[in-house]
Structures are given as C-alpha cells and as structure tokens.
Amino acid sequence: MGEIESPKGPSVVLHAPISAHQEVVQDRDYKFLSKAVEEAYEGVRRGDGGPFGAVVVCNDEVVVSCHNMVLNHIDPTAHAEVTAVREACKKLNRFELSDCEIFASCEPCPMCFGAIHLSRIKRLVYGAQAEAAIAIGFDDFIADAIRGTSQYQKVNLEIKRADGNGAAIAEQVFTDTKALFTMY
C-alpha cells in the first residue's frame, strides 16, 4: 500500500493489486465531476438558477451536461440532476438509463435522488456534501422540511391520505390498467 500525492487534491491511499485501476477511476470521475462543477458556474453566470450542475455519461461519453434551471424555467423541479435525467432520456429516446452514470456537483436532494433512482442510473458520483448548499440557504431536504427541522424551509402544507371512496377510486386505476404496463 502506498500514498500518491494527486495534483488535484490530498493524497490518496492506493492498494497495490488494483492501484492502477483506482487511479484511472479517480481521474475519470474527476474529469466528469469537473464538468458538472463547470455547469454549476455556468448556470449561475447565466442567471438560470442555483449553483448546481450534473452530467450524464454513457460508455465514457457525455450524453448531457446540465445546470440548475429553476429561475430560467420558473420551475421548482428544474434542479440540475432532474434536468439532466430529463434531457438524457429525451436525447437517448428512453426513460430507463441503466447503462448511464450521473456526476453531480453536490449531493442530490431527495427529489433529485428520486429521479436518478427512477431512471435506473447505475452510478452516482457527487462532489460537495449537502451541508455546503444548506450553509448558503439551499435547504431542499424534504424530510427535514416535513419534520420542521430544516434551518430555512418550514412546511405550511397539510398532508392527508384519502380514505373511503377517494382511496378506492384512486387504487382502482392500478387494477384497471396493470395489463397495459410491463415494467423493467
């Protein structure tokens, strides 16, 4: 086992049997993560939204490179990762991205993680931890908002599951349409 000083940051411990592979993966991840960070800066420069970027990669090629578009689209769901998933699906003409990876400048919020998960992306690499975004006022962590423990957002939303006939008619749609869908 040996330490190698990376020109890109602190030393990295590499284990002898696979050290060459780990170094290649680290350099590859850094390359695509850097692209996501560049997107974050570009989005802010353009005034499109917050400082977040995401890159979807397939077979070592960038499929899409996107940034937060919340202000540009006047859409609170237009986070960088959601935008990247949407654009990659359009470009590849499919809703399932199991052969793709996503590189995000920051740890995804639950909505973005949901989009990544639902698209079946095989690998997520992110740079900054959520706390870095929270520290400057981006507090989109839904669980904390619902519990009332978030620093900036307080939910003023009543949440209620329907019961009786409301629940029954909503559940019936799944029974009535299940034969029309073949999932993964």
Side-chain angles (χ1 to χ4, degrees), residues 18 21-130 132-133 138 140-143 145-146 159 161-162 167 169-184:
I18 55 174
H21 172 71
Q22 285 180 339
E23 192 170 273
V24 169
V25 169
Q26 179 187 0
D27 289 345
R28 180 182 172 281
D29 287 355
Y30 182 85
K31 177 178 108 174
F32 293 125
L33 190 56
S34 294
K35 181 82 171 140
V37 171
E38 288 172 21
E39 276 292 336
Y41 279 114
E42 181 65 13
V44 171
R45 187 186 66 72
R46 290 183 181 188
D48 289 336
F52 303 93
V55 175
V56 174
V57 174
C58 187
N59 299 321
D60 284 333
E61 296 292 324
V62 172
V63 176
V64 294
S65 182
C66 299
H67 53 262
N68 183 291
M69 297 292 287
V70 168
L71 299 176
N72 181 290
H73 292 332
I74 311 169
D75 177 358
T77 70
H79 291 194
E81 301 91 335
V82 171
T83 301
V85 167
R86 288 174 179 161
E87 294 302 316
C89 287
K90 285 180 196 173
K91 187 170 183 179
L92 297 172
N93 195 32
R94 54 192 165 104
F95 62 86
E96 188 267 331
L97 303 172
S98 63
D99 57 344
C100 297
E101 302 167 272
I102 191 164
F103 295 82
S105 63
C106 186
E107 181 178 358
C109 75
M111 176 186 68
C112 292
F113 183 79
I116 292 164
H117 175 71
L118 290 173
S119 69
R120 304 293 194 253
I121 285 177
K122 68 180 178 180
R123 185 168 183 255
L124 160 66
V125 176
Y126 67 89
Q129 291 185 313
F138 289 93
D140 293 335
F141 296 89
I142 297 164
I146 290 171
I159 301 172
R161 182 184 173 271
I169 62 168
E171 291 170 2
Q172 188 63 41
V173 71
F174 295 104
T175 304
D176 292 347
T177 63
K178 69 182 175 187
L180 302 174
F181 296 96
T182 303
M183 301 305 286
Y184 311 103

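- The CG atom of Leu124 sits 7.0 Å away from the CZ atom of Phe113 when rounded to the nearest 0.5 Å.
- Salt bridge absent: Asp99 and Arg120 never bring a charged side-chain N and a carboxylate O closer than 4.0 Å.
- Phe181 contributes atom CZ, which lies 13.5 Å from atom NZ of Lys178 (distance to the nearest 0.5 angstrom).
- Considering only residues two or more places apart in sequence or on other chains, Leu71 meets the side chain to side chain contact (heavy atoms under 4.5 Å, CB included) condition with none of them.
- Between the SG atom in Cys100 and the NZ atom in Lys122 there is a gap of 8.0 Å [rounded to 0.5 Å].
- Remark: Ser98 engages Glu96 in a side chain to side chain donor-acceptor pair (under 3.5 Å) (not counting sequence neighbours).
- Applying the side chain to side chain contact (heavy atoms under 4.5 Å, CB included) test to Glu38 and every residue at least two apart in sequence or in another chain returns Lys35.
- Applying the side chain to side chain contact (heavy atoms under 4.5 Å, CB included) test to Ser34 and every residue at least two apart in sequence or in another chain returns Tyr30.
- Going from atom OH of Tyr126 over to atom OG of Ser105 covers 12.5 Å, rounded to the nearest 0.5 Å.
- Residue Ser119 comes nearest to Val85 through the heavy atom pair CB-CG1, 3.8 Å, listed as atom of the first residue, atom of the second, then distance.
- The nearest pair of heavy atoms linking Leu33 to Ala104 is CD1-O, 3.2 Å.
- Taken from CG in Leu97 to CD1 in Ile121, the straight-line distance is 5.0 Å, to the nearest 0.5 Å.
- A side-chain donor from one of Thr77 and Arg86 sits under 3.5 Å from a side-chain acceptor of the other.
- Lys91 is linked by a salt bridge (charged side-chain N to carboxylate O under 4.0 Å, His left out) to nothing, counting only residues two or more places apart in sequence or in another chain.
- Without hydrogens or angle criteria, Glu107 side chain to Ala130 main chain gives a donor-acceptor distance under 3.5 Å.
- Between Met111 and Ile116, the closest side-chain pair of non-hydrogen atoms is not below 4.5 Å.
- Here Phe32 pairs with Phe103 under the ring pair (Phe, Tyr, Trp, His ring centres under 6.0 Å) rule; sequence neighbours left out.
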List the atom pairs, with distances to 0.1 Å, where a side-chain N or O of residues 50-67 and a protein N or O form a donor-acceptor pair under 3.5 Å, not counting sequence neighbours.
residue, atom, partner, partner atom, Å
Asp60, OD1, Arg28, NE, 2.4
Asp60, OD1, Arg28, NH2, 2.8
Ser65, OG, Glu39, OE2, 3.0
His67, ND1, Glu39, OE1, 2.6
His67, NE2, Asp48, OD2, 2.7

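- Counting all heavy atoms, side chain and backbone alike, Glu81 lies closest to Pro108 at OE2-CA, 3.7 Å.
- Judged as a side chain to side chain contact (heavy atoms under 4.5 Å, CB included), and not counting sequence neighbours, the contacts of Thr175 are Gln172.
- Of the inter-residue distances, the one linking His73 atom NE2 with Asn68 atom CG reads 9.5 Å to the nearest 0.5 angstrom.
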